[in-house]
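Every chain is numbered from 1, with letters handed out A, B, ... down the list of sequences. The shown structure was predicted, so the numbers you read here are calculated from the model rather than taken from an experiment.
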Amino acid sequence: MINYTEITIVFILLSVLLSLSSSRLMTLVKLMALQGGAVSLVPLLLEGTQHLPMGELLFFQVMILIKCIIIPGLLVLAVKRVRIKREIEPFIGYHASIVAGLVILLVSVFVTGYLKLSLPEGHNFVLVSAITTMAAGFFLMMARRKAITQVIGYLMLENGIYLIGTALTNPSHTLYVVEFGVLLDLLVGVMIMGIILHNINSAFDDADTTLLGRLKD
Amino acid sequence: MDIFLLSLLIITIGGIFPLLSYRQFSLMKSGYIAITVAGCVIGLSAITAPLASSQIEHFSQSWLHFLSFNLTLDSLSAFFLVPIFAVCPLAALYSFKYFHKPEESLRTATNYLFFNLLIVTMALVATADNIFSFAIVWELMSLTSFFLVMYEYQKQETRKAGYIYFVFAQTGALCIFAAFALAYSQTGSLDFAAFASMPANMKYIVFLLALAGFGSKAGIFPLHIWLPHAHPAAPSNISAIMSGVMIKMGIYGIIRMFFVLGVDSVIFGQTVLTFGMISGILGIVYALGKQDLKKLLAYSSVENIGVILIGAGVGMMGIAHGNKVMAGFGFAGCLLHVLNHSIFKSLLFLGAGVVLHETGTKQIDQFGGLMKRMPTTGKTFLTGALSISGLPPFNGFISEFLIYYGAFQGLTLNATSAIFSSLAILSLALIGGLAVSCFTKVIGIVFLGEPRSEKATAAKEAGFAMTLPMIIMAATCLAIGLFPAPVVKMVMTALQSSSIPVPETSLVTEITGYLGFATRLFFIFIIVSLLLRKIFYRKKVVDSSTTWGCGFTKGTVRIQYTGTSYSGNVVEFFKPFLMLHTTYSGIKRIFPGKTTYETKVDDIAETTLLEYIISPFLYLLSKFRWIQHGHIQLYIAYIIITIIVLLMFI
Amino acid sequence: MESFISLAIALLAAPLFPGIILKVKAFFAGKQGPPLLIKYYTLFKLLKKGSVYSNSTSFVFTLGPVISFASAVIVLFFFPFAGNAPIFSFHSDVIILFYIMGLGRFFTVIAALDTASPFEGMGAAREVFFSTIAELAIFTVLILFYRLTGSLSFSEYFIGETPISLVGVSGALIVFVVVSMFMVLLTENSRVPVDDPATHLELTMIHEVMILDHSGPDLAMIELGAFYKLYFYAAFVTHLIFPFVPANGPVMNTVIFLAIMAAVYATIGIVESIMARFKMNLVPKFIFTSFALVFFAAILTIGVIQ
């Protein structure tokens with residue numbers, strides 16, 4: 001018997017781990033697309049056997065569309081426009097980042113065990129991956145210089161929060177409505193980021209966030 | 001017990017003898033060695049009975065009505081007495097040639113006295129059974145070893161090292177006494193046996209204090225700072241004993257404390273394990289970064305203390321979980337590594353001593369090609385290096401294997417313990433790999449290749465009195481590696497009679513049987529391969545030439561890889577944990593002049609201590625400088641005021 | 001009986017398989033390539049020759065090839081090739097064997113340092129560094145396997161009650177192990193992208209440069225030892241991919257085994273053809289990733305998937 005939820009979550013965790021170790025921005029964006037898709041599949045797989053009304057199905061489809069295609073697409077545009085290929089000299093090196101990723105995973109396994117929540121079967125694993133994804137998102141924002149990487153970190157954070165919601169609550173329609181609202185905000189955020197990034201790039205000849213430090217008076 | 005005390009008496013006499021006969025340099029040395037060896041042999045015979053069975057012997061001498069000086073010789077104590085009585089006479093024998101200046105006769109005699117006092121006090125530490133007696137002998141041990149470090153007191157460097165050691169020893173003692181005082185306030189009894197009746201959270205505090213105190217003696221990271229200062233400063237036979245035997249008393253303290261507290265919480269094991277992993281990994285990384293041979297060995301002691309603590313931590317976790325196999329194998333690995341380390345670390349320090357003695361330098365990058373110039377030292381040192389890297393078929397592997405076995409058992413426990421166990425396994429693997437790279441560096445740069453300086457070129461083999469102890473130790477390393485069963489059985493017996501749960505004898509016999517079989521099998525494989533090589537080389541032309549320079553014709557010995565460059569990669573990899581300073585003058589003009597490049601690895605614990613604790617403290621104290629002004633009348637006034645104030649409180 | 005036959009196959013056929021790698025590489029380069037038996041010819045050629053020793057060397061230099069050979073051979077006696085019980089096997093033999101391999105490495109390294117050549121020193125320094133990280137990955141695999149089977153020996157892993165393989169329980173996690181062990185295989189046997197075995201020059205940065213000064217039968221022993229080591233790692237990966245249950249019959253098992261082995265070697269050849277060697281500073285990251293992958297799987301077995 002193959003447990004599809006487990007495989008999906010293994011993919012999510014793998015994408016987290018790889019995104020911490022990859023220096024190329026394009027790879028990072030592709031990983032985000034994979035992660036977004038996998039994350040939005042998880043609730044579907046968890047409720048798998050139940051019959052879903054058409055409305056909800058549509059909801060999830062739009063979700064996948066946004067997370068897996070539109071946002072990564074916008075990011076690809078942004079990456080192409082500012083012509084940066086890779087993250088050079090991150091604040092925290094790639095070896096340290098991989099170790100940090102493993103430590104984050106260890107800690108989230110530990111935390112999940114420590115909480116001793118009485119969750120339905122399979123949800124524990126979702127919680128582990130949710131905490132890992134969230135923490136890794138924070139880590140990415142902390143450890144990297146480029147604005148795009150920070151946005152990707154933010155997306156990862158959002159994915160993590162989404163997973164926490166999935167793990168902790170009984171699947172219900174209303175929850176995802178809230179999530180959906182957040183997602184739309186995020187979409188707008190990414191669009192604005194694209195525009196601002198372009199402007200920063202033309203103003204400073206670079207999209208390094210450390211340069212923003214010069215803006216202080 | 002009487003025989004044991006007799007042996008201590010003889011050793012003490014052996015220490016006093018040189019003071020009476022120092023005018024006859026050779027007579028003093030040979031007489032001293034004879035008496036000391038005799039005393040140690042008697043000591044060894046005294047502990048065979050407690051080692052083999054669960055027989056416990058007591059000795060008690062009351063003093064001032066309420067204080068009593070209690071000694072107990074149980075199997076755990078007896079086990080820790082083995083390295084003391086076995087390694088010390090070898091180091092004493094070694095000193096016959098090492099102290100070679102008749103004009104320093106009196107100083108040597110004093111050194112001998114303190115050396116024997118150190119043996120006696122260490123033996124007493126291992127047997128002391130109540131707070132009072134333990135505190136006394138512990139302090140005496142620290143003091144005698146302090147005087148041993150100060151042998152070359154006229155050197156500024158030695159004095160500095162001595163004071164650093166003194167401060168650490170006393171601070172550690174402070175922590176231990178604090179732990180004892182806390183325990184006494186809880187139980188109202190001076191006996192160790194009463195400790196078990198404390199409340200659980202109090203036990204943890206007492207244990208932590210004791211861990212800090214004993215840890216500073218044992219050299220747990222970050223309390224290890226005195227080791228890399230004191231070991232290079234002391235004479236080599238002294239560093240051999242201090243690193244091989246004395247720091248184990250710290251380990252003894254931790255383990256004894258754990259047993260007398262009689263705890264069942266898993267957090268003790270986790271704490272010890274964490275410190276073990278940190279000490280193990282960082283110890284060996286710093287060892288790689290150091291260019292001073294004795295400093296390197298000192299840091300490698302920190303690493304081995306780490307391995308020992310990993311074993312102890314695994315064992316403690318096993319006890320907390322009631323897992324006999326894990327507890328037994330963890331502690332067995334820990335104790336066996338104590339014994340093994342005392343053998344091979346002393347061997348390495350003695351070897352380093354010979355090298356220093358013959359070349360007059362400590363810098364690894366100055367050596368080279370010593371294997372051909374001092375073959376016996378080279379071969380024994382190679383044996384020591386293989387053992388300390390934990391490679392089969394030598395003894396270091398046996399103890400590491402037992403710890404591995406215990407740690408693997410822990411993987412089936414609950415999530416937290418499984419995570420700790422897997423971290424223990426991974427740290428052991430990492431330590432093993434790094435130890436290989438550290439000791440290939442020592443062997444490769446110091447003993448192999450071409451000599452890098454004139455001193456190294458002129459080196460000659462030392463006398464038989466110096467090499468004999470090393471040969472004995474090297475042979476023991478190989479013997480334990482090939483035939484581990486009796487030694488492991490001895491350790492298990494020692495554990496069993498200390499009421500530690502040990503696995504069934506059949507399992508132990510089975511595992512050690514396999515282990516011995518595998519190492520012997522491998523030994524046979526090596527012999528067969530050697531024969532095979534002999535056959536291949538029959539009637540073949542064997543020629544010799546220079547090393548191929550890859551087309552580079554004017555190679556000098558200076559183009560050899562140095563120790564610094566050899567360890568560069570690894571040191572770079574661990575950069576966040578050590579302070580790597582590089583100074584490079586750069587190339588400036590088209591025809592560059594002299595350029596320099598220098599790297600230095602600073603100890604992060606030492607720098608932090610200096611920067612965040614000592615400097616603020618000194619700053620604070622400097623505000624009180626005005627109290628000390630040199631007017632003796634005012635000093636008297638201070639005394640009077642103090643007395644009056646104290647009288648008011650009483 | 002089967003045990004001895006499969007061991008004999010291993011001992012005799014190990015030099016054959018590297019020929020496959022060469023053939024694959026030649027295919028990608030559009031060349032004819034050397035004959036399949038090229039490695040045998042090389043070995044015989046070396047065995048017939050005498051040796052030249054450097055003046056700088058000591059007895060360590062001659063001991064190096066012997067011990068690295070012995071350490072590579074002994075492992076084959078413990079491995080259940082094609083599902084046949086190995087000649088020796090006991091609980092916890094893996095730890096001993098990986099440490100014995102460590103001893104082999106120790107001697108290869110100090111033999112290299114014995115020549116006083118800067119190039120060999122360079123290779124030695126890299127070898128010990130990279131293999132340290134690879135060892136970390138291997139021990140993580142052992143942790144994972146212990147979680148899955150509760151055993152510590154090759155024969156219990158692969159022919160025990162619950163043999164570990166892709167199609168067995170927790171197959172999803174074994175994917176990580178396969179990938180990671182393949183990366184370790186490339187590292188430990190000095191293949192592209194970590195090292196380049198094709199250039200017998202100082203340009204080859206790790207293993208080949210360490211054995212520059214060995215010649216004649218000494219070199220033959222080193223080469224043969226290297227073939228055995230590669231054979232062992234390839235067999236490890238093969239057993240992970242396919243479970244060799246006794247039900248298939250020994251002949252069938254052996255055929256499948258050799259076929260998958262050939263496929264693994266061919267994969268090495270393909271990797272070598274389509275990839276370039278990494279810059280030296282990228283190699284640690286590569287090996288470290290292999291460690292991260294298995295450790296990741298190991299955490300999952302501890303935390304979630306019981």
Seminar exercise, completed: So, the part of B:F517 with a heavy atom under 4.5 Å from chain C: the answer is side chain
Problem set entry | Contacting region of C:R126 [heavy-atom separation from chain B under 4.5 Å] | both
Exercise. Which region of B:L423, side chain (C-beta onward) or backbone (N, CA, C, O), has a non-hydrogen atom less than 4.5 Å from a non-hydrogen atom of chain C, or is it both or neither?
Worked result: side chain
Exercise. Measuring heavy-atom distances to chain B, does C:F61 have an atom under 4.5 Å in its side chain, in its backbone, in both, or in neither?
Worked result: neither
Exercise. Any sub-3.5 Å donor-acceptor pair from B:T547's side-chain atoms to C:S54's backbone N or O?
Worked result: no
For this session: Verify side-chain hydrogen bond (donor to acceptor under 3.5 Å, both in side chains) between B:D365 and B:T564, making sure each step is shown before the conclusion.
Result: CA-CA 8 Å; B:D365 290 344; B:T564 322; 2.9 Å; yes
Seminar exercise, completed: Pair count under 4.5 Å, heavy atoms only, with chain B: among C:I138, C:I143, C:N281, highest is C:I143
Exercise. Can you say whether B:E572 sits under 4.5 Å from chain C via the side chain, the backbone, both, or neither, judging by heavy atoms?
Worked result: neither
Exercise. Quick one: what part of C:V109 sits under 4.5 Å from any heavy atom of chain B, side chain, backbone, both or neither?
Worked result: side chain
For this session: Heavy-atom distances under 4.5 Å only: say whether C:L63 touches chain B with side chain, backbone, both or neither.
Result: side chain
Exercise. Side chain, backbone, both or neither: which part of C:F291 has a heavy atom under 4.5 Å from chain B?
Worked result: side chain
For this session: Kindly determine whether B:T509 and B:S506 satisfy side-chain hydrogen bond (donor to acceptor under 3.5 Å, both in side chains), including the steps that lead there.
Result: CA-CA 5 Å; B:T509 333; B:S506 58; over 6 Å; no
For this session: Side chain from CB out, backbone as N, CA, C, O: work out which of these in B:F408 comes under 4.5 Å of a heavy atom of chain C, or both, or neither.
Result: both
Problem set entry | Test of ring centre spacing under 6.0 Å for C:F154 and C:F232 | yes
Problem set entry | Structural part of B:F401 lying under 4.5 Å from a heavy atom of chain C | side chain
Problem set entry | Region of C:S71 that comes under 4.5 Å of a non-hydrogen atom in chain B | both
For this session: Please determine, among C:S131, C:A220, C:A124, the option with the most heavy-atom pairs under 4.5 Å with chain B.
Result: C:A124
Problem set entry | Side-chain donor-acceptor contact under 3.5 Å, C:Y53 with C:D213 | no
For this session: May I ask you to check whether B:Y404 and C:F139 place their ring centers less than 6.0 Å from one another?
Result: yes
For this session: Decide whether B:T376 and B:E461 meet the rule of one side-chain donor and one side-chain acceptor closer than 3.5 Å.
Result: yes
Seminar exercise, completed: Under 4.5 Å to a heavy atom of chain C? For B:L382 that would be side chain
For this session: Tell me, for C:D93 versus chain B, whether the close heavy atoms (under 4.5 Å) come from the side chain, the backbone, both or neither.
Result: neither
Exercise. Looking only at side chains, do B:T440 and B:Y566 share a donor and an acceptor under 3.5 Å apart?
Worked result: yes
